[in-house]
Number of protein chains: 2
Amino acid sequence: MKTVKPKESEAAQTVDVTDLILNDIQTGVLAPGSWLKQIDLERRYGCGRPDVRRALDRLTQKRIVEHVPNRGYHVFEPDGDRARQVSEIRILLETGVADRIIDNATAGAIAELRRLADQFDAVILDGTTIDLYEANLAFHHALLSLCGNDELVSLVTEIRQRTSSAPVSQWITRARIQQSSLEHYEMVDAINMKDVEKLKSVIVRHIRQ
Amino acid sequence: MKTVKPKESEAAQTVDVTDLILNDIQTGVLAPGSWLKQIDLERRYGCGRPDVRRALDRLTQKRIVEHVPNRGYHVFEPDGDRARQVSEIRILLETGVADRIIDNATAGAIAELRRLADQFDAVILDGTTIDLYEANLAFHHALLSLCGNDELVSLVTEIRQRTSSAPVSQWITRARIQQSSLEHYEMVDAINMKDVEKLKSVIVRHIRQ
DNA sequence: GGCGCATAAATTGGTGCCAATTTTGGATAA
DNA sequence: TTATCCAAAATTGGCACCAATTTATGCGCC
């Protein structure tokens, strides 16, 4: 293992170690099932022991890693049932605020959504898996933010992190990715036409994949 | 401040310090806005410094306390807007699974719910605020568990903790408590009659208070 | 008498060290 | 050759100490 950010070893740590580890888990760098040794993380992210412990504890609380006393922490194996349950939760929440999203969508907001949809579409061709992941996140975050319920937005953001630990296994085919992109545009169109039911159905399709 | 559980100072710590602090916050023992000094918590709960730090960090993640660098941790002030947003989330989730609750409700499950509703009703007369809080939690947990989505149950349990930090301010009047109890029975009846819409409307009323 | 400043107390937050437990490696015996 | 047991290395997890920052106290000055 090599240090990820050697240049920032001295700089003021503006970004939490937790997010760094989380990112590496979700991009597959730290494989599901693998053990996270404190020494390794310490060296890899150039931080102290307490930082590593705090990060591992936080990830345990988020149920992204599992803690076995006196053994250590290891990345959770992807659980199909759990992923489906989280999807159901997302469907309930996101379709539940579909009407409010449409109500609050100004022309500017719609334009911004279309821009983000374009951005996602652009990185399909030349972009890493991480780029795709981030662009997708950005679109959905902007979409959901229109509902006006900040708590709901942060909640969905949080539970999304719980299951997409293996994006590779989810987005295996390029066809699926392009389908996702199309659905993004469908959502924007539905909002533009103020068609609540249409928006809901697209959201359900999109989350269920 | 005195030690809460002196008898268990030597025993194997089966319950997390985090839950102890959380309980004291939600029952109003640790008032909103008050500063949580590490040395006090350490003595009060009879645990070491690392335990206190972990607990405070976890509560910060749950956004129940706020952390000010180099100043300490203090209990979040109750936020009306946020409470309303969390209520909206609960409404979306709990009404969203109302049909599944009814589908999965066996005769035994209904009997159990009625027993828990009775229990809540019983502690209205002779019971502390904590007893009420716990009985209410037990009923709603049992009710929600019928939906079959464990993730959703734990999620709702989690977000409930975020806002009910001042139960005193919520359940000021005894009339309101008795109204809650009545609504519990209404829910059980609606489940018994397999009336989804009735159940949904009661849930909405119950959460919105 | 009230305000400002310097000093002292208190609290947080980090670092390092050491005990407890587990895993690994190897030697011995069946 | 394979299974078992013992010892050594490695890892986790807690404890105690110390630096940095903030808050309280008291003195002097206006």
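Naming: A, B, ... by sequence-line order, numbering from 1 per chain.
Donor-acceptor pairing under 3.5 Å is lacking for the side chains of B:Q178 and B:R174. The closest side-chain donor-acceptor pair between B:Y73 and B:E66, if any, does not fall under 3.5 angstrom.
One atom, CD1 of B:I39, and another, C1' of C:dG13, lie 13 Å apart when rounded to the nearest Å. Going from atom CD of A:E42 over to atom C1' of D:dT11 covers 12 Å, rounded to whole Å. Rounded to whole angstrom, the span from the CH2 atom of A:W35 across to the P atom of D:dT12 amounts to 9 Å. When rounded to the nearest whole Å, the span between CZ of B:R49 and P of C:dG13 equals 10 Å. One atom, NE2 of A:H74, and another, C1' of C:dT22, lie 15 Å apart when rounded to the nearest Å. Distance, A:Q38 CD to D:dA10 C1': 12 Å, rounded to whole Å. The interatomic distance linking A:N70 (CG) with C:dT21 (C1') rounds to 5 Å, in whole Å. Spacing between atom CD of B:E66 and atom C1' of C:dT12 amounts to 16 Å, rounded to whole angstrom units.
When heavy atoms are screened at a 4.0 angstrom cut-off, A:R71 is found touching the sugar-phosphate backbone but no base atom. As judged by a 4.0 angstrom heavy-atom cut-off over every strand, B:L36 is placed among residues touching the sugar-phosphate backbone only.
Both the sub-6.0 Å distance and the 45° axial angle are satisfied by B:R82 relative to the ring of B:F76.
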Next on the checklist: Determine whether B:D24 and B:Y45 satisfy the following criterion, side-chain hydrogen bond (donor to acceptor under 3.5 Å, both in side chains), listing intermediate values before the conclusion.
Outcome noted: CA-CA 11 Å; B:D24 282 346; B:Y45 302 102; 2.7 Å; yes
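Within the 4.0 Å cut-off from OP1 or OP2 of D:dT12, not a single side-chain nitrogen or oxygen of A:H67 is found.
Between the base of D:dG13 and the side chain of A:R53 there is a donor-acceptor pair shorter than 3.5 Å. You won't find any donor-acceptor pair under 3.5 Å spanning the side chain of B:R54 and the base of D:dG14, going by distance alone.
Among C:dG13, D:dT12, C:dT11, the nucleotide with an atom closest to any side-chain atom of A:K37 is D:dT12. Comparing C:dT15, D:dG14, C:dG13 by their closest approach to the side chain of A:P50 singles out C:dT15.
Here B:R71 pairs with nothing under the salt bridge (Lys or Arg N to Asp or Glu O under 4.0 Å) rule; sequence neighbours left out.
A rotation axis mapping the C1' atoms of four pairs onto the next four is fitted at both ends of the helix from C:dG1-D:dC30 to C:dA30-D:dT1 over five pairs, and the angle between these axes is 0° to 10 degrees.
The backbone N or O of A:N23 lies less than 3.5 Å from a partner atom in the side chain of A:T27, making a donor-acceptor pair.
Taking the six-membered ring for Trp and the full ring otherwise, the centers of B:H140 and B:H184 sit less than 6.0 Å from each other.
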